Every structure is written in C-alpha cells, then in structure tokens.
Amino acid sequence: MQRFPRAVIATFLALALIVSACGDGDEDDSAATTAAPATTAAPETTAAPETPEEPASLLGEVVMELPTTIANAEQAAAATWMLWDEASCSFVETDDHPDVYQAVLRKDGDANYRFAWTPEDNVFDTLIVANESFRVAAAASETDVTEFDNLYPSEEQPLVVADLVVQHDPDVVLSMNVLANLNPAIMSKYKEACIPALAHSVPHEGQPFFGGGEWYAVGRASADYLIAVAEDRGWTTGDVDVLLCSHSAFVQDRTSPYASIIGFREVVKESFDVGDDNIHELECPSDIVTDQANVADWLTAHPDTQNIMGFGINDLRTLGMVNALRESGRAETSIAGGVGLSQESVGPLCANDPTFLTSVDFVPQLWGEYGIAIAQDIAEGNPIPSEIYPQATVVDAASIDQAKC
Amino acid sequence: MSVEKGRVVIEGIGLSKSYGPITALDNVDIEIRAGEITALVGDNGAGKSTLIKILAGAVTPDAGEVRVNGETVVLRTPADARDLGIETIFQDLALAPDRDVVTNLFLGREVLRKGLAGKIGMLDRGEMEAQALTQIDALGVNIPRSTGVSIGEMSGGQQQSVAVARGAFWAKTGMFMDEPTAALGVRESSRVLQLARQIAGSGVAVVLISHILPHVMELADRVVVLRHGQKVAELTEDISMDRLVTLIVGVDAHEAAT
Amino acid sequence: MAIVAIGIAMTMVSPFFFQAGNFLNVARAVAITGIVAAVSTPMLISGNVDLSVAATMGLSGMTAGALLVQELPVPVAILGALVVGLLMGFVNGVIVVKFRVNSLIATIGTAFIARGVAFVINSGRSVFIPAESYVNLGQGSALGIPKPVFYTVVAFAVIGFVMRYTKVGAHIYAVGSSPEAARRAGISVPKITWGVFLASGFFSALAGVVLTSQAGSAFPYGGQGRELEIIAAVIVGGTALTGGRGSITGTILGVVLLGIIANSLNLMGLPAPYQDISRGLLLVGAVATDQLSGRTLGGRGVFRGLRAGTEEA
C-alpha cells in the first residue's frame with residue numbers, strides 16, 4: 001500500500017516536469033503577447049478620445065482578400081444578415097447591409113482584438129491544416145489568436161474549453177464543436193459571458209455560421225464533374241452503377257460531411273437519371289484496406305455491373321474503392337472522386353490515374369484567414385451573412401497545383 | 001545397481017545464512033551419501049529449506065562452502081547444481097500443467113535433432129518420447145503412457161510421480177525432495193516414497209524433507225535434525241518417534257551431542 | 001467443422017460465396033490481420049498480450065512512407081519500418097521484463113505512444129507512396145493469388161514451425177503454462193518474454209508494410225482498431241488468454257472464420273453493425289462453449305476441432 005502513493009507522487013513529479021518544460025516555451029510566448037498590449041495600451045487610451053467619429057476602424061492594412069461570398073444585391077437580399085449587439089449580448093438580424101460580402105483579413109493595427117479558436121482536434125488531417133492556417137493568418141495579421149483543443153471525441157473537453165474561453169475573455173470565439181448536442185450548453189456559456197461566437201462547421205440557432213466545407217455542395221460538384229466524364233465516355237444511364245463509400249459513424253444530415261453523399265446522390269438522380277436500385281451505399285470504415293475489402297466483396301456479389309461511378313466521403317475511402325476496382329480488373333470501366341485533396345488523391349491525380357479522377361478542395365488551408373477576417377467583422381460590429389461557406393473547388397489531373405505533386 | 005554406497009558425494013561445511021536480523025542457518029555441517037536417504041527434519045523455521053536451497057544453488061550462503069564429489073563448488077543458480085547432477089523436487093509449481101509428460105520430463109533440457117535441424121533448434125521428439133517411456137517403465141510409475149495428455153489432466157499423485165521421474169532421470173549425484181508428499185493422499189504418498197527408495201537404490205544421494213515422521217522413520221538411512229538454524233543431531237540408528245520429537249522441539253537439549 | 005458449416009450456409013444464402021474469386025477476396029481481406037494474428041498466438045501462449053500491435057502497424061507504415069518520400073530506396077524504407085517494429089518490441093520487453101509491468105497495461109501505454117508518434121511523423125497527414133516498386137509488393141496478384149497473402153503464409157509457416165518443432169516453441173509454451181516451473185527448469189523466462197515481444201514488433205511492422213503497400217498510402221491511424229479483431233481471431237482459434245495453450249492451426253482457422261463471416265455478410269449486403277454483432281457473438285459463443293464443455297469433458301471443448309494440434313504442438 002505504501003508503494004501506491006509514492007508511485008502517484010512520482011507520476012505527478014514527472015508530469016510537473018513535462019508541463020514546466022513545455023511551459024517554459026509558453027512563458028516566452030505569453031511574455032511576447034503581454035508585452036505587445038503593454039506598449040500599445042498607452043496610445044489606445046490617448047487615441048480613444050481623439051476619435052469621435054464612431055465607425056473609424058483601428059484595424060490596419062489589408063492582408064488578404066478572400067473569395068467573394070455574396071456577389072450582388074440579389075444574393076445579398078436573399079441572405080440573412082446579422083451583427084453583434086453588445087447591449088443584448090446577442091446577434092441581431094439587420095437589413096442595413098452591403099450588397100457584397102467578402103471576408104477581408106486585415107492587420108490588427110491598434111484594435112488589439114483577441115480571438116479564440118476551438119478546433120475539433122489537432123490530429124485529423126483537415127484540422128491540422130486548418131489549425132496551421134489559423135497560426136499563419138494570426139501571424140500575418142498580427143492578431144492575438146489562442147487555440148483551445150476540443151479533443152474530439154471527448155464529451156467533456158468541449159465544455160471545459162468553453163469555460164477556459166470564458167476565462168480568457170476574447171472579443172470573438174470561433175467555436176468548432178462537432179458534437180451538436182453539446183452546442184446549446186457551450187453557446188449559453190458564451191452568451192452569459194457576452195462573448196460573440198461564430199459557429200464553425202455545425203450551425204447553431206441565432207448564431208452566424210461558417211460552414212467549413214459546404215459538404216452538400218461538395219457532393220453535388222463532384223457528381224457534376226463525374227457525370228460530364230461519363231457522358232464524354234459515352235456511358236448511358238442504363239449501364240452505370242453508382243458506388244458511395246460512406247461510414248455509419250457519420251451523422252446523416254446536411255451539416256455533417258455525410259451531406260456530400262446526399263448531394264452526390266441527388267445529382268446522379270437528377271442529371272443522369274440513375275435509379276435508386278443502381279445507387280449503392282457501402283460501409284467503409286476508412287482503413288483503406290478494409291474499405292477495399294468491402295468494395296471487393298460488393299463487386300463479387302455484383303458481377304454484371306458494366307460501368308461504375310464511385311464517390312467516397314473522403315479521399316481515403318475513395319482510394320480503397322479505387323484499389324478494389326483496379327484489383328478486380330475494372331479500372332478501365334470505372335471513375336471515382338474523393339473529397340479533401342489530401343495525399344490519397346494528390347498522388348493519383350498527379351500520376352494521372354485512369355480511375356481516381358477528382359477530389360474537392362474545400363480549402364481548410366484558408367479556414368484561418370476566413371475565420372479571423374469574419375471575427376474582425378464581428379468585433380467591428382459589421383453586418384455579416386448568417387451563413388458563410390468557403391469556396392470549394394473540384395480539382396482534377398489538369399487543374400491540380402503542380403507544386404503539390 | 002548400488003554404486004559406492006555410503007560415499008559422501010555432497011558436503012556442506014560451516015554453512016550460514018541470515019535474512020536481515022533472522023538467522024536461518026548457523027554454521028551447519030552436513031554430509032550426504034550416495035545410495036542413502038538422508039532425512040532433514042525440524043520445526044518450521046529450523047532451516048531445512050534454506051539448507052537444501054543452498055545445496056541446490058537456489059540460495060547463496062553468507063558463509064561456508066559446498067563440495068561435490070570432494071571438490072569445492074560455487075553454485076550461483078539452480079542450473080549450476082543441475083549441471084553437477086543435483087535435482088530438486090518441490091511440492092508444487094514444478095511442472096507446466098498444459099504440457100505432456102515428455103515435454104515436462106525434458107523441460108529446459110530438450111533433445112535436439114542431429115545436424116542442421118538441431119542447429120536451428122529443432123526438437124527430436126521421437127528420441128525424447130522413447131527415452132521418457134524407458135524411464136517411466138524403469139521406475140514403474142503409474143502415469144498415462146500416451147503422449148498428448150497434459151499434466152494438468154492428471155491426479156496430484158501422478159503429477160508428483162512425473163516430477164520425481166524427471167528428477168530421477170536427471171539426478172546423477174543427488175536428488176532433493178522438499179515435502180514431496182505434502183499435497184498427496186496416503187496411497188499416492190507411499191507410491192512417491194517408494195520411488196525415492198528406488199532412486200536411492202540406484203546409487204543417488206537422496207535428501208528428504210518431511211514433516212511426516214512415520215515416513216522419515218520408515219525410509220531414512222540417516223536423519224539430520226535442525227533447530228533454530230543449527231544442527232542438533234544426526235542419527236543413523238535407534239530412530240524412534242519420541243527421540244525425534246524431543247530433538248525437534250528441543251525439550252532435552254543435552255541429548256544433542258550424539 | 002465450423003468453417004465448413006458456415007461455408008455451406010453462406011453458399012445457400014449467397015451464390016457468390018463459393019467462387020474461387022471470392023476465396024481470394026477473403027484471403028486478401030484477412031492477410032494483414034493474419035500476419036499479426038500469427039505472432040499474437042505465441043504472445044498469448046506465453047501468457048502475455050500485446051495491444052500495441054495495431055499502433056506498431058501504423059507507426060512502421062508511416063516510417064516506411066516517410067522514408068520513401070525522402071526518395072530513399074525501397075529496401076531501406078522496409079528495413080526502417082522493421083527496425084521500428086523491433087524497437088517497439090524491445091521497449092515493450094523492457095517494460096514487461098525489467099519493470100515487471102503487466103503486459104496488457106504496458107502495451108496499452110506503448111500503443112498510445114506509438115500512435116502519437118505516427119501522427120507526429122508527418123504532422124498527422126498521410127503519405128501517398130510514390131515508389132511503384134513498394135506499392136507492387138502489396139498490390140496485384142502473383143500466380144493468381146493476391147500478393148499480401150504470401151506474407152501471411154510465410155508468417156504462419158515460420159511461427160507455426162517454431163511453435164511446433166523447436167526448443168524455443170516448447171519454451172514459450174512452458175513459460176505460458178507455468179513461469180515458475182519454466183524458471184525452475186532453467187528456462188530464462190525474461191529471454192523468452194523479450195523474444196516474443198521482439199517477434200510481435202517485427203511481424204506487426206511487416207503487417208504495417210503490407211498494409212501501406214496494399215493501400216498505396218501510409219496513414220497515421222493505419223491498423224487502428226485491429227488489435228481486438230486480431231486477439232478475437234486468436235481466441236476463437238482456441239488459444240488460451242491465460243497462456244500455455246493454443247496453436248497456429250487454430251489461429252489460421254480463427255482468422256479465416258472471422259474473414260468468411262465479414263465476407264458473407266458483405267455479399268449479402270448486410271450493414272457493418274451486423275458484422276460487429278456476429279463477430280461478437282462468435283467470440284463469446286466460442287469461448288463460452290469451450291468453458292462449459294471444458295468443465296464437463298475434462299478440459300476438451302466442443303471447439304476442439306479448432307484447436308487441432310494444441311497439445312501436440
């Protein structure tokens with residue numbers, strides 16, 4: 001019994017050492033970030049009385065102009081616009097808005113905004129890219145952005161993070177929590193603390209929403225592309241079977257990546273007239289090789305199919321599917337598309353693979369730029385559309401950025 | 001069969017061992033003779049097991065020396081003792097219950113095939129089976145002759161018989177039996193003790209530790225009595241129950257000088 | 001017997017089951033699991049369990065991928081992956097042998113570490129494998145048989161031989177059956193334990209190489225979740241979790257049985273959750289039947305058919 005507490009103490013000591021070792025680095029950082037406001041604090045207090053005209057922004061020069069989200073008055077009128085109302089600690093809808101919305105990343109200048117970004121995690125491919133984009137954008141715009149990891153799939157951590165954020169008291173929080181059932185609790189914490197929150201990836205009532213990828217549109221765009229290829233090859237509706245590689249772990253609604261499957265299915269039905277009997281949704285647990293095995297089994301059970309149009313919920317699944325098609329000798333009569341423009345699609349696209357033809361880039365590498373720019377708008381009290389989606393682009397062998405190859 | 005019966009083959013001279021403040025063995029001399037059964041008796045904590053473990057290489061003494069066949073030896077591990085032909089049989093945990101008789105008989109001393117096959121560690125299963133059967137027959141032990149029956153499926157007496165057969169198979173010099181019948185019934189016990197007699201008869205020096213004094217009196221050629229880590233008596237004749245009990249519990253300490 | 005019964009049942013349910021091509025599907029699907037199940041058999045027989053096998057697959061696969069991206073030759077990449085596997089085995093051995101930590105706990109710990117490192121290697125991103133000669137090791141067929149199957153056959157043959165015919169195999173059984181008896185018989189329990197962990201690391205790494213070459217991509221969560229599937233296959237094959245008993249023949253049957261179940265449910269178009277349910281039922285059923293019959297029939301289970309060669313090995 002004596003050994004137990006000793007072991008616990010030893011473990012604590014070890015942890016304390018590790019934390020303090022890591023903490024050293026943090027201290028330097030925090031010294032830097034706290035030093036910055038200290039020097040700029042003086043001009044701020046003197047500057048405030050000098051600027052009587054309210055709308056003048058303290059933000060600096062433009063760093064990056066992102067693709068226009070709302071291009072004209074017609075689109076602008078159709079959208080709902082909101083702005084942060086400090087008095088009610090909530091977003092209020094407004095008709096007083098411009099005809100165009102474009103997120104523009106500016107230097108922080110004398111505004112001294114502090115933002116918080118709470119990503120789903122720091123291990124998923126897309127989020128590693130996105131988190132890096134936040135760091136790059138924060139550095140380029142000289143903005144104070146603090147990252148709090150929600151440690152997906154933890155059910156506790158998002159709530160812990162919300163409390164930490166409240167303590168941190170940023171001007172705007174970009175809340176990416178994909179466990180939808182936790183969002184009411186998280187958002188009420190922010191409302192109580194009067195911190196404006198941009199809902200990232202999963203929408204929340206009364207909150208502006210940044211759609212990460214517009215999965216539904218992603219699926220539709222991929223289907224459009226593959227149908228064009230199929231028509232080009234002279235395939236007809238009757239000789240095509242559609243294989244969808246999905247996974248039962250995904251929530252089957254419009255806000256989850258599963259929406260890409262919904263979008264894809266709709267387009268092949270609408271534009272290519274494929275019937276439900278010829279659309280097959282397979283279980284792909286995303287181990288590439290297991291996905292391959294499952295698709296191979298399906299192919300064995302369906303020896304009479306002629307042409308196959310495949311779509312995976314992400315590139316990993318599409319690669320497994322393509323491997324199965326190749327090994328069963330159907331590479332020539334199959335076409336497939338993925339999502340994410342990750343390594344699994346970059347490789348085949350660069351190599352001009354005859355089957356793996358396309359992937360959709362939903363630009364997680366720009367999430368940081370988008371996010372900080374939108375947060376700046378919110379902090380400035382500017383009206384923004386209630387739903388903002390980054391522009392996703394279909395990439396193929398011809399259009400892929402050769403630098404990635 | 002009996003070779004040089006009575007010759008001293010294993011000697012302990014001035015053996016001492018302490019565990020912290022407790023003296024387990026205090027300057028004990030012992031001589032163990034070929035072809036004899038030497039019984040080691042004494043109360044719990046008298047030092048019997050410590051003494052046997054020192055002679056079997058399982059415990060290193062603080063002082064004293066061990067001689068085998070007249071030569072001073074250093075026994076660092078049980079393997080050192082085994083290499084000198086000294087085997088120990090315990091009351092339990094000595095066999096692999098999921099393995100069969102042949103595997104257990106050759107456990108740790110497997111026979112390998114000749115040539116290249118042996119170099120890569122291939123077992124000569126046929127040779128081992130043949131030798132095992134010969135040994136079982138020679139000892140007349142009642143254990144299933146079929147291979148492939150795991151030890152765990154046998155009775156306690158059969159298991160201990162296998163352990164004794166294994167000891168006898170490898171013991172060229174001495175065989176130590178530490179409470180070999182503790183977990184056995186009456187009939188099974190007598191079978192195991194009979195084996196001990198048989199093995200001594202083949203010229204091996206057998207040492208028996210037992211609490212069961214009738215067994216000791218029936219079997220032993222020589223009885224060494226230990227008390228509080230010291231040797232208090234060594235008897236070869238007139239071994240009576242009363243005398244042993246007296247010596248073990250130490251009521252009449254003067255009789256120690258026999 | 002169980003396999004034949006299920007085979008007949010499946011042929012009746014799906015006409016596609018009993019086809020040469022489909023058997024190749026099954027073989028390809030179980031190849032990677034098979035390699036690790038092969039080495040997990042002596043692991044369990046020795047009385048230990050290695051839950052870091054799947055993470056080792058991921059880590060070694062990422063290692064190979066990272067080396068290939070640096071344009072190092074394919075043999076170097078494979079060697080690197082195998083060395084990482086041996087290193088994992090060595091570390092597991094140190095923790096279990098030197099620090100006397102229960103192998104289950106030790107390998108849960110090292111699994112986390114390995115998986116974490118696999119993510120760190122390329123910042124969590126996967127690596128598309130550029131070397132065609134590497135990909136050719138796992139993709140396609142030779143002599144009409146999917147290539148991954150060859151590695152599995154070699155793994156089963158080598159490990160099966162060692163377990164059945166060699167001194168090392170006999171010592172592994174002895175250590176698992178009674179470490180104390182083995183120790184008293186002069187067998188070095190630490191050496192055997194360490195050796196088993198080294199082998200486990202090595203073959204897991206080999207599986208990682210086959211996984212990444214078959215997939216054409218190295219991804220940090222490669223193999224994730226397979227550890228339980230692997231142990232299930234070994235246990236269904238009659239190897240005792242408590243050590244001392246088991247056989248490679250049994251494990252082959254266990255692996256194939258689980259593979260056939262997944263395959264036939266796929267052929268029938270049954271969704272994945274049902275596969276999990278059947279796999280679970282099979283595992284619980286097999287072990288429970290064995291346990292029950294073991295009590296009444298003197299240690300011989302109904303599933304003894306799956307345990308061919310257990311005692312003789």
Side-chain angles (χ1 to χ4, degrees), chain B residues 53 56-58 77-83 87-113 117-126 128-129 144 146-155 159 162-163 166-167 169-170 176 178, chain C residues 42 44-47 157-192 195 199 238-247 250 294-301 304 307-313:
Chain B
K53 279 178 182 164
T77 64
D80 289 344
R82 267 200 303 269
D83 289 344
E87 290 289 314
T88 309
I89 289 149
F90 303 91
Q91 54 177 297
D92 57 2
L93 285 174
L95 300 170
D98 302 295
R99 314 297 290 149
D100 67 4
V101 174
V102 180
T103 314
N104 268 291
L105 210 60
F106 287 89
L107 200 60
R109 287 180 284 213
E110 291 79 3
V111 179
L112 298 182
R113 295 197 189 187
K119 288 231 165 61
I120 59 164
M122 264 187 93
L123 300 171
D124 193 340
R125 178 82 195 178
M128 289 195 285
E129 275 175 21
S146 77
T147 59
V149 178
S150 54
I151 293 282
E153 293 175 39
M154 298 180 185
S155 74
Q159 292 190 24
V162 173
R166 178 170 71 178
F169 187 76
W170 297 102
F176 303 156
D178 190 354
Chain C
L44 292 192
I45 289 174
S46 80
V158 169
I159 296 167
F161 174 81
V162 168
M163 291 309 285
R164 200 180 172 110
Y165 295 109
T166 73
K167 190 166 130 179
V168 172
H171 288 185
I172 292 172
Y173 276 105
V175 165
S177 185
S178 167
E180 186 57 26
R183 195 183 62 76
R184 289 186 186 172
I187 296 169
S188 169
V189 177
K191 263 191 203 162
I192 290 291
T239 294
L241 196 55
T242 44
R245 276 181 296 128
S247 74
R295 281 195 205 120
T296 51
L297 300 175
R300 282 150 194 264
R304 198 162 150 76
R307 291 182 163 184
T310 301
E311 261 92 17
E312 297 91 306

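When reading the values below, keep in mind they use all heavy atoms of this one structure, side chains included, and skip hydrogens, waters and symmetry mates. Below, chain A is the first sequence line, B the second, and so on; all start at residue 1. Since the model is a prediction, treat every value here as computed from it, not as a measurement.
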Given that the side chain runs from C-beta out, which part of B/L107 has a heavy atom under 4.5 Å from chain C: side chain, backbone, both or neither?
->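 Both parts, backbone and side chain.
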
Contact winner vs chain C - B/A58, B/P97, B/G152, heavy-atom pairs under 4.5 Å =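 Greatest number of close heavy-atom pairs with chain C: B/P97.
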
Considering only heavy atoms and a distance below 4.5 Å, find which of B/G118, B/A96, B/A117 pairs most often with chain C.
->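 Most heavy-atom pairs within the cutoff with chain C belong to B/A96.
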
So which heavy atom on B/L123 is nearest to which on C/A170, and how close?
->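 Smallest interatomic distance, heavy atoms only, reads CD1-CB, 4.1 Å.
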
Please name the pair of heavy atoms, one in C/T166 and one in B/I120, separated by the smallest distance, quoted to 0.1 Å.
->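 Taking C/T166 first and B/I120 second, the nearest heavy atoms are CG2-O, 4.2 Å.
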
[X] side, atom [atom1]; [Y] side, atom [atom2] - distance, nearest 0.5 Å:
X      : Y      : atom1 : atom2 : value
C/K167 : B/D124 : NZ    : CG    : 13.5 Å
C/R184 : B/I89  : CZ    : CD1   : 11.5 Å
B/I151 : C/S178 : CD1   : OG    : 11.5 Å

Is any side-chain heavy atom of C/F161 closer than 4.5 Å to a side-chain heavy atom of B/M122?
->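 C/F161 reaches B/M122 side chain to side chain.
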
Quick one: list whatever passes salt bridge (charged side-chain N to carboxylate O under 4.0 Å, His left out) with B/E110, sequence neighbours left out.
->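 For B/E110 there are no salt bridge (charged side-chain N to carboxylate O under 4.0 Å, His left out) partners, ignoring immediate neighbours.
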
Could I get the full list of salt bridge (charged side-chain N to carboxylate O under 4.0 Å, His left out) partners for C/R183, not counting sequence neighbours?
->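 Partners of C/R183 under the salt bridge (charged side-chain N to carboxylate O under 4.0 Å, His left out) test: C/E180.
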
